[in-house]
Amino acid sequence: MRPKFSLKSKRNSQIPSAFAASLGSQLARPYLASSSPSKLRDKAPVLITFDDWDKGGIFDWYQAQSHTAIHKLELRKERDRFKHEFVVLYLEGGSTYRVDRRPMGGPNTEVVLSKGCEAEDSITFLTDDNLITIQSETDVKVAVQFGSEKKPDLYAIIAICTSVRMDSGCALYTLQLYNCYFLARTITALIVRHHLLHCQDLVGLRWDALTESAVSRHMFPDNWSALDTAMKNALVGALGEAIWPIVKKDAELLIQKRKQWLVLEETTKRIIRETVETQVNNLIVDSIKTGAVHWAVGAASETLWHGDLDQNLSLPHFREHYEVAVEDILTRLVKPKLNTCLPSDVVMKLDGVLPKRLLNRLPSSLLALLPAELWARVPNSVLEKAPDDTIKKAPIDLLLKAPDEFLQRIPTQVFARAPIAQTLTLPDDLKRVPHRLLDVSLMRMQAMLEQPVANHDRALALRLLKRLPDDMLEEIPQRIKDMREEPEPVEILELSDDTDVADEPHPPTPATLCRRPSKALLHGYRWVVKIVFATGVRVVPRPVLAHMPGIVVELIPKSMLKAISADTLSRLPPGFFAGLRAPLLEKLPQELLEKLPGTLMKILPRETLERLPDGLLDRLPEQLLRNVPVELMENLPENLSDLVSQAIATEIFESHETTVELSNRTCDIMKAALNRSSDELPDSVIRISVESRSKMRHQQIGSLGTHRELQRYILDKNRKHSKRVAQVSQLGLGEEAVYNALRQKTEDVWRVMRLHSSPPTSAPKAFSRRVAELMHALRDDNKSIARPPSSRCRISS
């Protein structure tokens, strides 16, 4: 609902005879047009108040005007007395008006107080004599010549004054802030800004007169490719910030050298950029274009001061529509593409850079020795992300030994990735096998029965075929059924395949190439190390042993490591083994591994288990392998592909950070384009001039060529006024408080005025003919004075 306000005039049938002669210094008196003869009625000042918009009062007076277009505006200042400032308006029909603000009832002590008094804002018709008096007693501070066809309307002046009256702060007259200077300068700045936004003949993209077509043509050149590139760069940066920490954490226990880290980071960023550039074809769709255009037009149109343009472009309510469009394209178009392409690209292309994870490196001997109960306790999430190599290395008779609950919950996709021997080796009671798993086995069985007789997997398929009940053979071809009569092979593939990896000789170290010490010295050294190490382990408390540096073990020769007793090893806490480096773990002799406590694998931290060398995993003794905790499987980090998918689903797209980043990039482009476009204004559209004194108008005249210069001039005058006010200690306001309040209130008035800046198209002009006749009569009596001013920058009397 629009705010209700109006401009009304008050009746006053007695107009002082000397009013015209002393209009520059006396108070305006409200007068209703219908209460006096036409000649006096046209000259009467009208008090501006507000009640209901477009109803009665000054709106009736406005509708009666035959000409309302303004071709020139002057900001004038009295040379003497109180330096009063007001605005003079020159209309197309030749009539002239002034707009003033004064304290209601004349000067009083209340104007000095911060609360002020009621203000009297008025608009008054000027006769030729009035204009001559004004020109002789005042100076023109700013003169604005509107040169375009679509000139500002008198209705815009009324809207500005009404917006001032609507504000509870500046509706009152205060000497410090909202005085005659405030209203006059506010009208000057706002009417120029309003005119620029409604001009149709500005060429190209201009912050002062922004249109949607101008934004589309000029803000983002090369068919919006600049914005598309900027948004893709921002998206790559956001993806890198979210995915690189995942890759880094995933590899922190596997990579030691700084050079390898740099290669890994560079490779990750390159993969992200290549994936975005190849999979995300175009971020700039119609919704993005529409949102960006509305954002720029909305923020720039509601920006009064040129210096606030950057700030307004960053305000959330202007960019909200655009951010909604960005979120939509990210979640609807970009997210599905990256979710399917980026995880696989990262895993595949990082395979040569990242060391293989523990789940890939588990040897067949270890997996074959794991009890079926342990496999049954492995979560489905671990099974689903387990590499194919791990599934293939699992024991062949796993399904024979696994409990029923494991069969019921094993995922079909995991079962389908298992080797043929595993899918064909089913429990004797086939009713225990879920139908979804049995379908996979039957398909494998039929395929293998087509193989040569010598194939070992064909033997397992034939064995399964003979065990199938008749009701399960209905959909199997007859030629497959006939194979049940074949004799069963004598040899069946072994259901387990344990492999032992022999110790490989270590390459000679630099120490072995050095000169060997004497046998006596070496023998004494070994005894000293053995005694010191064994005694220290027995005497030192276990918490201290956990922090013993691994270099102590590195100093012990391999032959001595073999001789360390099991009792000594049992006293070493898990923290000691956790601190050993990978080269030392690889160096541990098999004899020492055989003496390690069987429960060691249960108490070692996951980080240590993940970085166990491949050679050590292959040589672990059976008592250690059988005690591998199921927590090892449960606590494994998620697959890198899953982590990247999760980041795309949550950290990047759903956290709103990427949307803000893309918006900021767009905002930077808009700021640069808008600021570049507003350096100059076409001279044919608007000319702004400043004169020091009317009497010296033929001498040097200062010129303001752009709206930005006009703003700077007005703000500078407000700053000087604020300094003068601050010097009066009784007023209780500082310079910054006065200046900021004036500037802020002008912005508030601008926002309200924009809601009602255009006159109603169907407004009747009841008195237009009669007023037009009176205006013609006045022009006939004052031909030499009431001519329209020259179009030059200089103002002529």
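Here the structure is a predicted model, which means the values were calculated and not measured.
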**Item:** Non-neighbouring partners of Gln422 that pass side chain to side chain donor-acceptor pair (under 3.5 Å), sequence neighbours left out
**Value:** none

**Prompt:** Hey, is CE on Met443 packed in by over 12 heavy atoms from elsewhere, all under 6.0 Å?
**Reply:** no

**Asked** Do Gln446 and Pro477 come close enough that some side-chain heavy atom pair is under 4.5 Å?
**Response** yes

**Request:** Taking all heavy atoms of Asn455 and all of Asp457, pick out the closest pair and write down the distance.
**Result:** OD1-N, 2.8 Å

**Prompt:** Quick one: side chain to side chain contact (heavy atoms under 4.5 Å, CB included) partners of Lys269, sequence neighbours excluded?
**Reply:** Glu265

**Prompt:** When you look at Tyr322 and Ser663, which way does the side chain to side chain donor-acceptor pair (under 3.5 Å) test go after all the steps?
**Reply:** CA-CA 8 Å; Tyr322 174 80; Ser663 300; 5.5 Å; no

**Message:** Glu657: which residues meet the salt bridge (charged side-chain N to carboxylate O under 4.0 Å, His left out) condition with it, sequence neighbours left out?
**Reply:** none

**Item:** Minimum side-chain heavy-atom gap Ser641-Ser344 below 4.5 Å
**Value:** no

**ring-ring contact (aromatic ring centres under 6.0 Å, His included) partners for His656, two or more places apart** = none

**Message:** So, using side chain to side chain contact (heavy atoms under 4.5 Å, CB included) as the criterion, who are the partners of Gln311 when residues are at least two apart?
**Reply:** Asp308

**Request:** Look at the side chain of Asn233 and the backbone N and O of Thr229, then say whether any donor-acceptor pair between them is shorter than 3.5 Å.
**Result:** yes

**Message:** Just verifying a value: how many Å separate Leu426 CG and Arg432 CZ, rounded to the nearest 0.5 Å?
**Reply:** 10.0 Å

**Prompt:** Of all residues at least two apart in sequence or in a different chain, which pass the side chain to side chain donor-acceptor pair (under 3.5 Å) check with His317?
**Reply:** none

**Shortest non-hydrogen contact between Thr650 and Gln646, atoms and distance** = OG1-O, 2.7 Å

**Complete:** Here the pair of heavy atoms bringing Pro336 nearest to Thr331 is CD-O, 3.5 Å

**Asked** Which atom names give the shortest non-hydrogen contact between Val440 and Ala416, and what distance separates them?
**Response** CG1-CA, 4.1 Å

**Asked** When rounded to the nearest 0.5 angstrom, what distance separates OG1 in Thr423 from CG in Leu399?
**Response** 8.5 Å

**Request:** State, with a plain yes or no, whether a side-chain heavy atom of Leu462 is found less than 4.5 Å away from one of Met445.
**Result:** no

**Item:** Those residues that, when tested against Ala238, pass side chain to side chain contact (heavy atoms under 4.5 Å, CB included) (two or more places apart)
**Value:** Thr658

**Pairwise side-chain contact, Leu442 with Leu468, heavy-atom cut-off 4.5 Å (strictly under)** = yes

**Asked** Taking C-beta and beyond as the side chain, do Lys671 and Leu309 meet within less than 4.5 Å on heavy atoms?
**Response** no

**Message:** Can you tell whether the side chains of Arg270 and Glu266 come within less than 4.0 Å, N to carboxylate O?
**Reply:** no

**Request:** Give the intermediate values and the outcome of side-chain contact (heavy atoms from CB on, under 4.5 Å) for residues Glu327 and Phe653.
**Result:** CA-CA 8 Å; Glu327 289 179 351; Phe653 294 99; over 6 Å; no

**Request:** Report the C-alpha distance between Leu313 and Leu674 in whole Å, list the side-chain angles of each, state the deciding distance to 0.1 Å, and finish with yes or no for side-chain contact (heavy atoms from CB on, under 4.5 Å).
**Result:** CA-CA 11 Å; Leu313 282 171; Leu674 294 177; 4.1 Å; yes

**Asked** Counting only N and O atoms by type, is there a donor-acceptor contact under 3.5 Å from the side chain of Arg467 to the main-chain atoms of Pro427?
**Response** yes

**side chain to side chain contact (heavy atoms under 4.5 Å, CB included) involving Pro434 - partner list, sequence neighbours excluded** = Leu407, Gln408, Arg436, Leu437

**Asked** If you take all heavy atoms of Cys667 and Ser314, which pair is closest and at what distance?
**Response** SG-OG, 4.1 Å

**Message:** Any heavy-atom pair between the side chains of Trp224 and Leu283 that's under 4.5 Å?
**Reply:** no

**Asked** For Asp328, what residues pass the side chain to side chain donor-acceptor pair (under 3.5 Å) criterion, not counting sequence neighbours?
**Response** Arg332

**Item:** Results of side chain to side chain donor-acceptor pair (under 3.5 Å) for Asp345 - residues two or more places apart only
**Value:** Thr275

**Asked** Knowing that exactly one of Leu330, Val644, Leu333, Val280 qualifies, which makes a side-chain contact (heavy atoms from CB on, under 4.5 Å) with Leu338?
**Response** Val280

**Item:** side-chain hydrogen bond (donor to acceptor under 3.5 Å, both in side chains) pairs, two or more places apart, involving residues 281-291
**Value:** none

**Request:** Report yes if some heavy atom in the side chain of Arg273 is under 4.5 Å from a heavy atom in the side chain of Lys232; otherwise report no.
**Result:** no

**Item:** Candidate list Thr659, Asn664, Thr666, test side chain to side chain donor-acceptor pair (under 3.5 Å), partner Arg319, passing option
**Value:** Asn664

**Minimum-distance pair of heavy atoms, taken over all atoms of Ala234 and Leu662** = CB-CD2, 3.3 Å

**Message:** Is it the case that over 12 heavy atoms from other parts of the model lie below 6.0 angstrom from the CD atom of Glu450?
**Reply:** yes

**Sidechain-backbone polar pair: Arg458 side chain, Gln451 backbone, donor-acceptor under 3.5 Å** = yes

**With sequence neighbours excluded, residues passing salt bridge (charged side-chain N to carboxylate O under 4.0 Å, His left out) with Glu241** = none

**Message:** I need the Arg444 CZ to Leu460 CG distance, nearest 0.5 Å.
**Reply:** 12.5 Å

**Asked** Is any side-chain heavy atom of Glu320 less than 4.5 Å from a side-chain heavy atom of Trp295?
**Response** no

